[in-house]
Amino acid sequence: MQNRPVVIGVGFAFLLLSCTPTVRVKHEVEPIHVTVDVYVKVQRELEEFFQFEEKLESTKDEGEQSSTD
Amino acid sequence: MCGLKANRYVLFYALLAVLLGPRAGATAQSKTEIRESMKERYAELQKRKTRGSVGETYRGYVESVTAQAAKDQEIQELIKAENADRRALYDIIAMDTGTTAEAVGRINAQRVFDDAGPGIYFKTKEGTWKQKKDISELEQ
């Protein structure tokens, strides 16, 4: 009789726990291609920016060739 | 009531445009300005690099190789201007691609190394200068 409130309390606690919504967190490991993507993006931007170097070099080569001719 | 809400949204987007608009335009203009500045300096820089007075570092910047070059005012100004432009460029690309200027600098250092002639000097991580022909790969 004395244990009845305890039993009811514990039972109620179990009931609450079982009804508590659980949140499942999906653990995702970031794939390595994210870093590679950034590397590729940076490379592309640099190559695009420095295209003028190739043009200047080819202009210089043409100038040297015409002077030797 | 609806008018007040709509006005608030209009104000918000207008403020956003004011804050972001000039920055976007400024970025595109800045890259062009940097490119023009580097184009003007390119021939002189290549000459100094071919002579061995200026070299490239693994961080993507230029430095004087010889003690004589370190004392030469003209070379120091060339190096300072080139590095300032490179830093500005790295900042812009870093923002565009979601990385750091340091990372962009190192990637550019690799690009420069790949395209460089065999006689161009590169500074190793230990701080010693070596010509490309004496380096198997750029340490980063």
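Labels below follow one simple rule: chain letters A, B, ... track the order of the sequence lines, proteins then strands, and each chain is numbered from 1.
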Query raised in the report: In Å, rounded to the nearest 0.5 Å, how long is the span from CD1 of B/Ile107 to CD of B/Gln110?
Result: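 If I round to the nearest 0.5 Å, the distance is 9.5 Å.
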Report task. Starting at NZ of B/Lys47, measure out to CG of B/Leu78 and round the result to the nearest 0.5 Å. Result ->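 One gets 9.5 Å once the value is rounded to the nearest 0.5 Å.
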Query - Greatest number of heavy atom pairs closer than 4.5 Å to chain B - which of A/Lys55, A/Glu45, A/Glu47 - result: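 Result: the option with the highest number of such pairs is A/Glu45.
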**Report entry** Contacting region of B/Arg35 [heavy-atom separation from chain A under 4.5 Å]
**Finding:**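 Both backbone and side chain.
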Query - Distance under 6.0 Å and angle within 45° of ring axis: B/Lys132 vs B/Phe113 - result: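 Yes, a cation-pi geometry holds between B/Lys132 and B/Phe113.
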Query - chain B contact via A/Phe52 - which portion, at a heavy-atom distance below 4.5 Å - result: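 For A/Phe52, side-chain heavy atoms alone lie under 4.5 Å from chain B.
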Query raised in the report: Does some side-chain heavy atom of B/Asn108 sit less than 4.5 Å from a side-chain heavy atom of B/Tyr90?
Result: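 The answer is yes, as the side chains (C-beta and beyond) meet within the 4.5 Å cut-off.
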